Enquirer: 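The following block contains the structure, expressed as structure tokens.
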Amino acid sequence: MFSVGKVWPSGEEPTAITSDLLSQQIQGISELASVEYNYTNMGKYENQATFYGWKVPFTTKSFILSYDGQIKAGIDMSLVEVNVHGQNIDITIPQAKILSHEIDQESIEVFDETKNIFNQISDYNQFAIDQKKSMESKAQEKGLLEEAQNKAKETIQTFVESMYSSSDDYKIEIKVAES
């Protein structure tokens, strides 16, 4: 029976890999968040009212804030380009970027808040925005985007290989687009 099955195949043709088909399946993912960076940070804010360059006494306001956050980095899958020619699959992916950055509002704790009747604290939102930018810079310095880029490559490679059982016949090359 095995020999007969080898001579007379089932009649099903393997699915042909085309650029359009593969592009649609990859771009349907939309965004690929390949790395998640969780952190706890503490920041200090201090401000004093000034009058023509002179610091006004008794107008200092300050606080120390502790909070948890999460940064997700990855790639925009709608920008992925796929070219299939012969047995080669060339995939070009965009540069990794920060996809989202959230601060857990329930984790915020305020320590050492100095209240002043002449200079009220109302800068929590701007302080949070500044802290987000600072944490994004620190995460990038630690290699967050490089790690996201590498994980995105691995994930797309695995995705393409798992889509087609005959992918062993294809040579998959993934490149990163220049910015």
Side-chain angles (χ1 to χ4, degrees), residues 23-82 91-162 172-179:
S23 289
Q24 287 175 352
Q25 291 176 335
I26 288 176
Q27 291 176 354
I29 297 172
S30 183
E31 280 186 344
L32 175 62
S34 52
V35 175
E36 184 176 280
Y37 178 73
N38 294 303
Y39 66 88
T40 299
N41 193 33
M42 199 165 229
K44 181 177 182 178
Y45 175 83
E46 188 169 1
N47 187 342
Q48 186 171 11
T50 58
F51 183 72
Y52 292 107
W54 294 84
K55 292 183 178 182
V56 179
F58 307 112
T59 60
T60 301
K61 60 182 175 182
S62 66
F63 59 87
I64 297 175
L65 200 67
S66 169
Y67 59 93
D68 298 332
Q70 181 181 68
I71 301 173
K72 290 184 181 180
I75 62 172
D76 182 354
M77 295 293 279
S78 67
L79 301 175
V80 172
E81 297 175 8
V82 179
I91 301 173
T92 305
I93 62 174
Q95 296 280 332
K97 63 180 182 178
I98 293 176
L99 300 174
S100 70
H101 186 177
E102 303 296 325
I103 291 179
D104 180 9
Q105 298 298 319
E106 293 180 11
S107 71
I108 296 174
E109 292 185 50
V110 179
F111 301 98
D112 192 31
E113 184 175 14
T114 304
K115 296 181 182 181
N116 191 305
I117 196 164
F118 301 114
N119 194 6
Q120 296 294 314
I121 295 177
S122 60
D123 303 301
Y124 290 118
N125 289 335
Q126 186 58 45
F127 181 72
I129 291 168
D130 294 341
Q131 287 296 300
K132 273 186 171 183
K133 290 177 186 174
S134 172
M135 284 308 298
E136 287 175 7
S137 294
K138 286 179 185 178
Q140 288 176 17
E141 288 171 10
K142 291 181 179 182
L144 178 75
L145 296 181
E146 290 83 7
E147 184 179 351
Q149 195 76 61
N150 293 333
K151 296 261 184 180
K153 282 181 179 179
E154 291 172 14
T155 302
I156 291 172
Q157 176 91 23
T158 303
F159 177 73
V160 172
E161 288 174 352
S162 69
I172 302 168
E173 184 177 339
I174 301 175
K175 296 180 272 183
V176 179
E178 299 297 322
S179 20

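Just the heavy atoms: all of them, side chains too, but no hydrogens, waters or symmetry mates, feed the values below. Keep in mind that what you see is a predicted model, and the values were worked out from it rather than measured.
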Enquirer: Does any non-hydrogen side-chain atom of I93 lie less than 4.5 Å from one of Q149?
Expert: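 With C-beta onward as the side chain, the pair touches.
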Enquirer: Hey, are Q140 and E136 close enough side-chain-wise for a donor-acceptor pair under 3.5 Å?
Expert: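 No donor-acceptor contact under 3.5 Å links the two side chains.
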Enquirer: Assess the residue pair Q95 and L145 against the criterion (side-chain contact (heavy atoms from CB on, under 4.5 Å)); give the C-alpha distance rounded to whole Å, side-chain angles, the decisive distance to 0.1 Å, and a yes or no.
Expert: CA-CA 8 Å; Q95 296 280 332; L145 296 181; over 6 Å; no
Enquirer: Could you measure the distance from the CD1 atom of I174 to the CD1 atom of I91? Nearest 0.5 Å is fine.
Expert: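 Reported value, rounded in 0.5 Å steps: 5.0 Å.
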Enquirer: Verify whether one side chain among D104 and Y67 offers a donor that lies under 3.5 Å from an acceptor in the other.
Expert: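 The criterion, which ignores hydrogens and geometry beyond distance, is not satisfied for Y67 and D104.
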Enquirer: If you round to the nearest 0.5 Å, how far is NZ of K133 from NE2 of H101?
Expert: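 These two atoms lie 12.5 Å from each other.
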Enquirer: I need the L65 CG to M42 CE distance, nearest 0.5 Å.
Expert: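 Between L65 CG and M42 CE, I get 8.5 Å after rounding to 0.5 Å.
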Enquirer: Measure across I103 and K132 and return the closest heavy-atom pair with its distance rounded to 0.1 Å.
Expert: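 Nearest pair, atom of I103 first, then K132: CD1-CG, 3.8 Å.
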Enquirer: Which heavy atom of L99 sits nearest to which heavy atom of A33, and what is that distance?
Expert: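 Here L99 and A33 meet closest at CD1-CA, 3.7 Å.
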Enquirer: Counting C-beta onward and ignoring hydrogens, is there a side-chain heavy-atom pair between M77 and I156 closer than 4.5 Å?
Expert: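 They are in side-chain contact.
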Enquirer: Not counting sequence neighbours, which residues clear side-chain hydrogen bond (donor to acceptor under 3.5 Å, both in side chains) with Q70? List them please.
Expert: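 Scan of Q70 (side-chain hydrogen bond (donor to acceptor under 3.5 Å, both in side chains), adjacent residues dropped) gives E36, N38.
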Enquirer: Could you tell me if the side chain of P94 sits less than 4.5 Å from the side chain of V80, heavy atoms only?
Expert: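 Yes, at least one pair of side-chain atoms sits under 4.5 Å.
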Enquirer: Assess the side chains of Y37 and E147: does a donor N or O sit below 3.5 Å from an acceptor N or O?
Expert: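 The answer is no; no qualifying pair exists.
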Enquirer: Working to the nearest 0.5 angstrom, can you tell me the gap between T92 OG1 and E178 CD?
Expert: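 Between atom OG1 of T92 and atom CD of E178 there are 10.0 Å.
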Enquirer: Return the NZ to CG distance between K72 and L32, rounded to the nearest 0.5 Å.
Expert: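 Interatomic distance, K72 NZ to L32 CG, rounded to 0.5 Å: 11.5 Å.
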Enquirer: Surrounding NZ of K151 (heavy atoms of other residues, nucleotides or ligands, distance under 6.0 Å), is the total greater than 12?
Expert: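 No, the 6.0 Å shell around NZ holds no more than 12 heavy atoms from other groups.
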Enquirer: Which atoms form the tightest heavy-atom contact between I71 and M135, and what is the distance?
Expert: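 Closest pair (atom of I71, atom of M135, distance): CD1-O, 4.0 Å.
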Enquirer: Between OG of S137 and CG of L144, what distance do you get to the nearest 0.5 Å?
Expert: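 Nearest 0.5 Å value for the OG-CG distance: 11.5 Å.
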Enquirer: Look at the side chain of S134 and the backbone N and O of D130, then say whether any donor-acceptor pair between them is shorter than 3.5 Å.
Expert: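 Not confirmed, S134 side chain does not pair with D130 backbone.
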Enquirer: Show the nearest heavy-atom pair for residues G74 and A148, with the distance to one decimal.
Expert: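 Here G74 and A148 meet closest at N-CB, 4.1 Å.
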